[in-house]
Each structure stands twice: as structure tokens, then as C-alpha cells.
Amino acid sequence: MRRSNLPAELNRFVGRAAEQAALAALLGTSRLVTVVGVGGVGKTRLALRVAAGAQKRYGDGVRLAELAPLRDPDLVAHALAEALGLTDHTPRPPREALVEHLAERRVLLVLDGFEHLVESCAPLVRELLAHAPGLTVLAAGRRPLRVAGEAVFPLAPMGEADAVALLAERAAEAGAPLLPGTPARAGALAHLGGPGALTHPGGTDVPADPDGTGALPGPARTPSEAPSPSRTPVEVPEPVRELCRRLDGIPLALELAAGRLPLLSAEQMLHRLDDRFRLLADGERGALPRHRALRTAIGWSHELCTPRERLLWARLSVFAGPFDLEAVEYVCGGRELPPERILDLLGGLLAQSLVSREDTPAGPAYRMLGTVAAYGAEWLAALGDTERMRRRHRDWYMGLATWCELEWFSPRQREVAARTDVALPNLRAALELCLELPEDAHLAQHLAGTLWFAWAGCGRLSEGRYWLDRALALDSGHQEARLKALWVLGYVAILQGDGTAAVAALHECGERAGSSGDALAEAYATHRMGCLALLTDDTARAEELIGRALDSYRELGELNSNVLMGQVEVAMARAFRGDLEGAVALCREVREVCEERGELWTRAYALYVLAYAAWTRDAYGEARELLTECLSINHAFHDLVGLVLAIELLALVTVGEGDPAEAAVLQGAAVPVWDAVGVRLFGSASFGGPGRLCEARAREALGAEAYEEAFREGRGLSPDAVVERALAGRRDPAAGGPAAPRPFRTGRPAGVPGTRKPAGSPTGKGGEAAG
């Protein structure tokens with residue numbers, strides 16, 4: 001896992017020097033710090049700034065969990081696990097996995113936008129802090145968590161100097177100086193003449209920034225802070241000061257105002273804002289002044305938008321998290337908003353700071369701040385169009401899920417994984433809508449089943465199980481949708497090591513499919529039952545069931561990653577019974593098809609089997625080459641089962657090359673990965689052979705004490721570090737560089753399978769690792 005998932009700052013952080021210092025100091029003394037304040041006051045930006053500056057304190061990283069897009073409180077633990085990079089394949093509740101994962105780690109966890117989920121978030125934070133002494137939580141929301149030991153950090157609006165600095169900085173970024181005739185950006189503050197001067201070196205650029213905070217020097221200064229004689233005054237005109245006062249120093253309001261500077265002067269803005277504020281204040285006498293100020297700024301921005309921009313703003317409020325242009329064109333387009341005009345309208349909202357742009361692994365995306373989206377949602381409700389737009393949103397993401405499932409078996413597999421990851425908040429919103437409406441239960445089952453590749457293939461088994469269980473608890477009346485959800489649930493349960501749930505789901509699927517004549521669903525149910533047999537060492541039954549499913553797939557014209565994985569699973573069953581030649585022939589065939597289709601995931605498992613065969617021939621260089629590719633693919637797709645099996649086989653290859661110390665390190669590194677997978681080796685004797693053989697050989701070569709020391713070193717490595725170490729190639733234990741393979745042979749240890757017969761399954765997923 002990367003040490004930090006904090007987003008890069010898109011523009012310069014301005015002001016808040018005192019707040020940064022105070023919050024950083026508080027974070028050093030308290031394990032739970034909550035930044036609270038009104039919407040738009042800059043809680044998130046300040047928290048992220050301080051978290052980024054504190055990264056060196058936390059050996060296991062700083063992680064951000066964005067909770068604002070969540071609507072379902074039961075997903076909070078899933079969101080935290082995702083933020084921490086925790087892939088847990090077990091059927092245990094995610095909060096248990098979180099406690100175990102964090103127990104011995106030193107992590108700073110940043111929780112943003114939790115206020116609507118506080119009832120579920122607070123108990124979870126309390127439990128994590130109680131069981132993970134190295135955990136520190138920095139939260140940002142509109143109210144405290146009210147957990148024992150919480151240090152609350154109230155964030156007030158900006159002071160005048162900071163507010164002016166922010167407004168001027170953003171005005172320069174917009175290419176609009178605050179007074180006519182002055183250049184944008186360079187000298188953005190030079191034109192701010194008038195009483196009450198601030199200082200600025202030379203008058204040719206933005207103010208000096210000695211502390212790196214972006215703050216303008218404040219009006220009250222100690223002698224040591226006094227400006228040097230070389231500095232010239234930067235005078236701020238009263239209209240600018242008054243504008244900052246009327247906006248109450250709220251950063252979001254100032255950003256929105258700056259977005260209007262290309263059209264209006266400061267005086268014009270102040271006049272219009274004054275009128276708007278009085279009108280709003282008369283209608284909201286019970287509201288807090290700062291709430292009124294923010295709503296004034298947002299409402300004023302709304303009034304200054306064109307009618308079509310306002311309509312797009314309202315419709316964009318149905319999105320959760322980032323969205324791309326194609327999604328906007330479909331969801332928001334229509335007679336009133338022709339799709340061909342969407343790009344220009346979106347650009348208009350972007351220019352006014354109502355929408356932000358960000359780069360994601362799936363490409364450029366857009367996002368609307370929660371406060372701005374909430375205002376748009378009110379207008380959408382006033383138009384009576386909320387439900388229709390939510391359905392259009394759901395339809396788009398159901399279509400995206402269908403496209404992703406089809407393209408999973410293609411050269412776009414990596415792109416599919418990235419797009420699914422970015423779209424996850426919106427996919428959750430689509431699932432929630434389907435579950436809210438009784439008449440759409442079949443859509444919930446269909447969508448939860450269609451996303452099988454995201455649950456099983458991208459390390460989200462726990463969340464997939466959550467949605468599948470909820471969808472199948474409903475009586476949809478649609479047989480096809482239910483059957484798909486059933487075999488996917490069986491698949492997920494197998495990977496979680498929950499055989500009882502798997503058998504129940506697959507039995508129901510098989511019975512219903514047989515009675516309704518759905519041959520494809522029946523084939524999938526049979527296939528999954530064969531996977532379960534493989535994991536329980538019933539290799540003869542596994543080959544029979546999977547072979548029967550493969551025959552049905554051929555008759556029905558079904559070809560995808562599941563079908564190819566079925567062939568790999570048959571190869572495993574044959575290998576367990578000693579037919580290594582037959583297993584290799586099947587996997588070579590699978591590899592050829594994968595190369596033709598650009599499929600990666602199933603290819604990784606075929607490579608594993610081929611690597612095992614190479615090891616049996618003492619072809620260690622070939623085995624290592626195959627395994628490094630296998631590791632790289634599995635790590636990229638968060639496939640922990642494929643990853644841990646490859647690590648264990650690589651350890652066996654490494655001890656054969658004559659480096660038992662490195663082999664012991666790799667064996668230790670496999671332990672925490674197995675802990676995340678669940679039942680170690682799935683309770684299968686066949687899966688344990690390579691690990692037992694490697695341990696026996698490494699212990700004999702190193703001695704018990706040296707072996708345990710290297711093993712402990714490996715246990716402390718993250719999956720990222722293990723993969724990086726493996727991809728770097730084997731190091732010569734004496735010279736620190738590559739060494740020629742040195743076969744390492746000993747007599748066969750008692751209780752360990754022979755080295756010329758397969759000792760472990762090439763997969764721990766019953767082969768179901770691809771789609």
C-alpha cells in the first residue's frame with residue numbers, strides 16, 4: 001500500500017498560518033482531533049495540509065477516508081478499509097479486520113465529511129482507537145464525534161488579511177485583477193491601493209511567503225516580524241475589504257466571488273452581494289450569520305449563472321464523488337440541456353469554482369463540493385425532478401457496470417479496474433436507489449451480480465457480500481437477475497472461506513436454473529461447486545464438475561475469463577493427482593488465448609502453474625521470470641490470493657537458487673497476506689506443500705534462530721515492499737547482486753510431498769479470480 005493517498009493540492013494554500021501551527025501541535029498531543037466549523041470554512045483543506053506536513057511522524061502512512069459521498073451508514077467500515085488499502089477476503093465484519101490491521105501500525109487516518117454518519121462513525125472510531133495504540137485520527141466535519149479523548153478544534157472564518165490574500169490569489173488565477181489595468185497573476189496585489197497597506201516585496205509578484213503558508217503579513221506584527229525596508233506597501237481598497245467582510249471571511253464564499261471577477265469589479269460585486277444578502281437575511285431570521293453569509297455567496301453565484309448553468313448545477317447534485325463528462329452528458333442532458341452544450345456549460349461552472357477538476361487513474365474527472373451540491377439538490381427538489389434524475393443516474397451506472405463486465409475480458413482489463421474504482425461512490429448510490437424501491441429489486445440483484453469482477457477481482461469481497469446479501473433478501477420476481485446474484489454470492493462466499501453460505505447459494509441457483517431451463521446459470525453453479533471441491537482436496541469431483549461446466553460453456557458459446565479460469569482449475573486438479581504434463585498443456589493453451597485477448601488476470605494463474613512446472617525441472621530462472629510477472633499482475637489488481645501463492649512459490653524457487661535467508665523473508669511476508677485472505681490455505685492439504693517444503697529446507701540451511709530472524713523481517717514487509725523486492729530480482733546474499741542459480745537439494749522432509757509432484761494448488765480462489 002502507498003504510504004499516503006492524500007490528493008495533491010491543485011492551487012496554492014493561502015493563509016491560516018496560526019491555525020496550521022495550532023492544529024499540528026494539537027495533533028502531536030491528542031490521538032483524536034476533530035476540526036469543526038460551518039460549511040465552506042476550509043476544514044478539509046486545513047486538515048489535509050496539516051496531515052501532509054505530519055507524514056514523517058507516521059511510519060505506516062497517512063490515509064484519507066472521504067465519507068461525504070456515503071449515504072449508507074453500514075458502509076463506513078468498508079470505506080475505511082478501502083482508504084487504508086486493506087483487502088480482506090474473510091467473511092468477518094470489516095470492523096474486525098480494521099482492528100486487526102491497525103493493531104500494530106502507526107497510522108494517521110483522516111476522516112472527512114462524517115457529520116451525516118456520526119452515529120455509526122463515532123463507535124467505530126472509539127473501537128479502533130481503543131485497540132490500535134499507534135492510530136491517530138484527524139477528523140473534519142460540521143460537528144464533533146463526541147468520543148472520549150476527542151480534542152475539538154473549532155475553525156473560524158479567515159481574518160481580514162488572510163481573506164484578502166485568498167481573494168487576490170484566486171482572482172489572479174482566474175486571470176482577473178481586482179482593479180482594471182493591472183496584470184493578472186503577476187502583481188495580483190499591486191493594484192490594491194488605498195489605506196491600510198499590507199507589505200509585499202518589490203510590488204511585482206504575490207506577497208512574500210516566509211513560512212510557506214501563503215499568508216499575507218497580518219496587521220499586528222512584532223518587531224522581529226516587521227517588514228524590511230526593501231518592502232513596499234500593498235494597499236487594499238475599502239471595497240475589497242468590505243467584500244471580504246460581507247462574505248464573513250469564509251474561504252468557499254471568497255473562492256466563488258473570485259470566480260466572478262472576470263465579469264464584475266469589486267464595487268459591482270459588493271453592490272449585488274449587498275442586495276442579495278439583505279433579501280436572504282430577511283427570509284432567514286433564524287439562521288446563523290455565517291450560514292447566511294455562505295448561502296448568500298452560493299445563492300448569489302447561482303443567480304449570476306445562466307439558466308442552463310443553473311439547471312446543470314441542480315442536476316449534477318445527483319452524483320456522489322467524481323464523475324466524468326460522458327456521465328454528465330447522459331445523466332444531465334435532455335431537451336433543456338442538449339448534450340452537445342454540456343461541455344461548455346460545465347466549463348462555465350468550473351470557471352466559477354462551482355465544480356473542480358481532478359485527475360484520476362481513469363482519466364480526468366469532475367467533482368462538486370458538498371455544500372454547493374446540497375444547494376443544487378434543493379433546486380432540483382424544487383423543480384420536482386429529483387427522482388427522475390436519480391433514475392437516470394442509476395441507469396448510467398448500471399450501463400457502466402455492464403460495459404465493464406464485458407470489457408473485463410479484453411485488453412482494457414486494467415482500465416476497467418481503474419474506472420470501477422473511481423466510479424465506486426456512484427455505483428453505491430445506484431445500488432442504494434435500487435434497494436429503496438421495491439419495484440427495482442431485480443435491478444439491485446442484476447447490478448450486484450454484474451459487479452462480480454469488482455467484488456472478487458478487485459479485492460472487495462466484504463462489500464460485495466454486503467450488497468449481494470441485501471439484494472437477495474428481496475423477492476424480485478425476476479428469475480434471471482436472482483440466478484446471477486446467487487452464483488456470484490456463491491463465488492464470493494467460496495473466496496471468503498464460507499463454505500456453508502456458498503453451498504446454500506449455489507444449490508438454490510442450480511435448482512432454480514434446472515427447473516427454469518437456464519443452462520448458463522446452471523453451468524456457473526456447477527462450476528462454482530467444482531471450485532469448492534478443489535479447495536477441499538476432492539480433486540476427482542472438482543475435475544468432473546468443472547469439466548461438465550466447461551462442456552456447457554462450449555455448447556452455449558460462452559467464452560470469458562471465468563471459462564479460461566475453469567481450464568486452469570482443471571489443470572490444478574490434474575496437477576494434484578500427479579499429471580503435471582497435462583496441467584502444463586492446459587495452462588499453455590490458456591496463456592495463448594489470454595495473449596490473443598489481452599486478458600491478464602487469468603493469465604497470472606496460468607503463469608503460476610507453469611512456474612511450478614519449471615521449478616520441478618530445476619529451471620529456476622524461468623520460474624522466477626514467470627512468477628515476477630504473476631506477482632505484478634496480482635498486485636495491480638489487489639488479488640491477494642494469487643499474490644500470496646506466488647510469494648510462497650517464489651520462496652521455494654529462491655531456496656532452490658541457494659538463498660535460504662531471502663526465502664525465509666518471503667515466507668514471513670506471506671503471513672500477513674494469508675491473514676487478510678482468511679482461512680490459511682483454505683484448509684486444504686494440497687495448498688500447503690510448497691510452504692512446508694520451503695520452510696524445512698530453509699531451516700536446515702540456516703538453523704532455527706537465523707530462520708526465525710529472517711522470517712520476522714519478512715512479516716514486517718508490506719505487500720508493496722514484497723513485490724518491489726521480488727521485481728528487483730534475487731540478490732546474491734554475499735555480494736548484494738544477482739547470482740547464478742545454485743540448486744539447493746536436501747532429502748525430502750517427513751510429511752512434505754515429493755518435489756516432483758505438485759505440492760500446492762496454483763490458485764487459492766478455486767480459480768475464480770478473473771472475469
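Hydrogens, waters and symmetry mates play no part in the numbers below; they use all other heavy atoms, side chains included.
Among L109, V35, V62, the one residue that satisfies the side chain to side chain contact (heavy atoms under 4.5 Å, CB included) test with L138 is V35. S561 pairs with exactly one of E599, R597, R603 by the side chain to side chain donor-acceptor pair (under 3.5 Å) rule, that one being E599. The one candidate from S410, C404, C458 that meets the side chain to side chain contact (heavy atoms under 4.5 Å, CB included) condition with V416 is C404. Just one residue in the list H78, R428, R470 forms a side chain to side chain donor-acceptor pair (under 3.5 Å) with D72, and that residue is R470. Each of F409, W408, F637 was checked for a ring pair (Phe, Tyr, Trp, His ring centres under 6.0 Å) with F453, and the lone residue meeting it is W408.
Look at E439 and R391 and you find a salt bridge, because one of the NZ, NE, NH1 or NH2 atoms lies within 4.0 Å of a carboxylate O, short of that distance. A salt bridge links E169 with R12: at least one charged nitrogen is closer than 4.0 Å to a carboxylate oxygen.
Taking CG from L468 and CD from E463, the interatomic distance works out to 10.5 Å, rounded to the nearest 0.5 Å. A distance of 11.0 Å separates OG1 in T450 from CG in L400, rounded to the nearest 0.5 Å. Atoms NE2 and CG, from H635 and L727 in turn, are 8.5 Å apart once rounded to the nearest 0.5 Å. With rounding to the nearest 0.5 angstrom, the CG atom of L6 is 8.0 Å from the CG atom of L108. The CG atom of D344 sits 10.0 Å away from the CD atom of E340 when rounded to the nearest 0.5 Å. Within the model, atoms CG of L311 and OG1 of T306 stand 9.5 Å from one another, a figure rounded to the nearest 0.5 Å.
Side-chain atoms of N426 come within 3.5 Å of backbone N or O of P322 as a donor-acceptor pair. With hydrogens and angles ignored, the 3.5 Å screen pairs a side-chain donor or acceptor of Q55 with a backbone N or O of A52. Under the 3.5 Å distance criterion, the side-chain polar atoms of R142 are left unmatched by any main-chain donor or acceptor of G37. Although no hydrogens or angles enter the test, the distance criterion places a donor-acceptor pair under 3.5 Å between the side chain of N5 and the main chain of L64. Looking at R367, its side chain never comes within 3.5 Å of a backbone N or O of G321 through a donor-acceptor pair. Listed for the D421 side chain is no donor-acceptor partner under 3.5 Å among the backbone atoms of A417. R392 contributes a side-chain N or O that, together with a main-chain N or O of V331, makes up a donor-acceptor pair within less than 3.5 Å. Side-chain atoms of Y605 come within 3.5 Å of backbone atoms of G642 as a donor-acceptor pair (strictly under, hydrogens ignored). A donor-acceptor pair under 3.5 Å is absent between the side-chain atoms of D440 and the main chain of L443, judged by distance alone.
A heavy-atom distance below 4.5 Å is not found between the side chains of W467 and L447. In this structure, the side chains of L380 and R315 come closer than 4.5 Å at one or more pairs of heavy atoms. E432 has its side chain within reach of L75: a pair of non-hydrogen atoms, C-beta onward, lies under 4.5 Å apart. At least one side-chain heavy atom of Y375 sits less than 4.5 Å from a side-chain heavy atom of W313. By the 4.5 Å heavy-atom criterion applied to side chains, K43 and V41 are counted as neighbours. With contacts defined as side-chain heavy-atom distances shorter than 4.5 Å, the pair R554/V563 does not qualify. A heavy-atom distance below 4.5 Å is not found between the side chains of L474 and P438. Proximity of D359 to R357: side-chain heavy atoms (C-beta onward) are separated by under 4.5 Å at one or more points.
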Verdict with reasoning, L564 to L559, per side-chain contact (heavy atoms from CB on, under 4.5 Å)
CA-CA 7 Å; L564 292 179; L559 179 61; 4.3 Å; yes

Is there a side-chain contact (heavy atoms from CB on, under 4.5 Å) between R341 and L337 once you walk through the steps?
CA-CA 7 Å; R341 292 292 312 279; L337 291 178; over 6 Å; no

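Annotation: ring-ring contact (aromatic ring centres under 6.0 Å, His included) contacts of H116 (sequence neighbours excluded): none. Listed by chain and residue number, Y524, H527 satisfy the ring-ring contact (aromatic ring centres under 6.0 Å, His included) test with Y553 (two or more places apart in sequence, or in another chain).
Taking the six-membered ring for Trp and thresholds of 30 and 60 degrees, W487 and W452 have ring planes inclined between 30 and 60 degrees apart.
S476 approaches Q445 most closely through the heavy-atom pair OG-OE1, 2.7 Å.
The local environment of CD in E407 is crowded, with over 12 non-hydrogen atoms from other residues, nucleotides or ligands closer than 6.0 Å.
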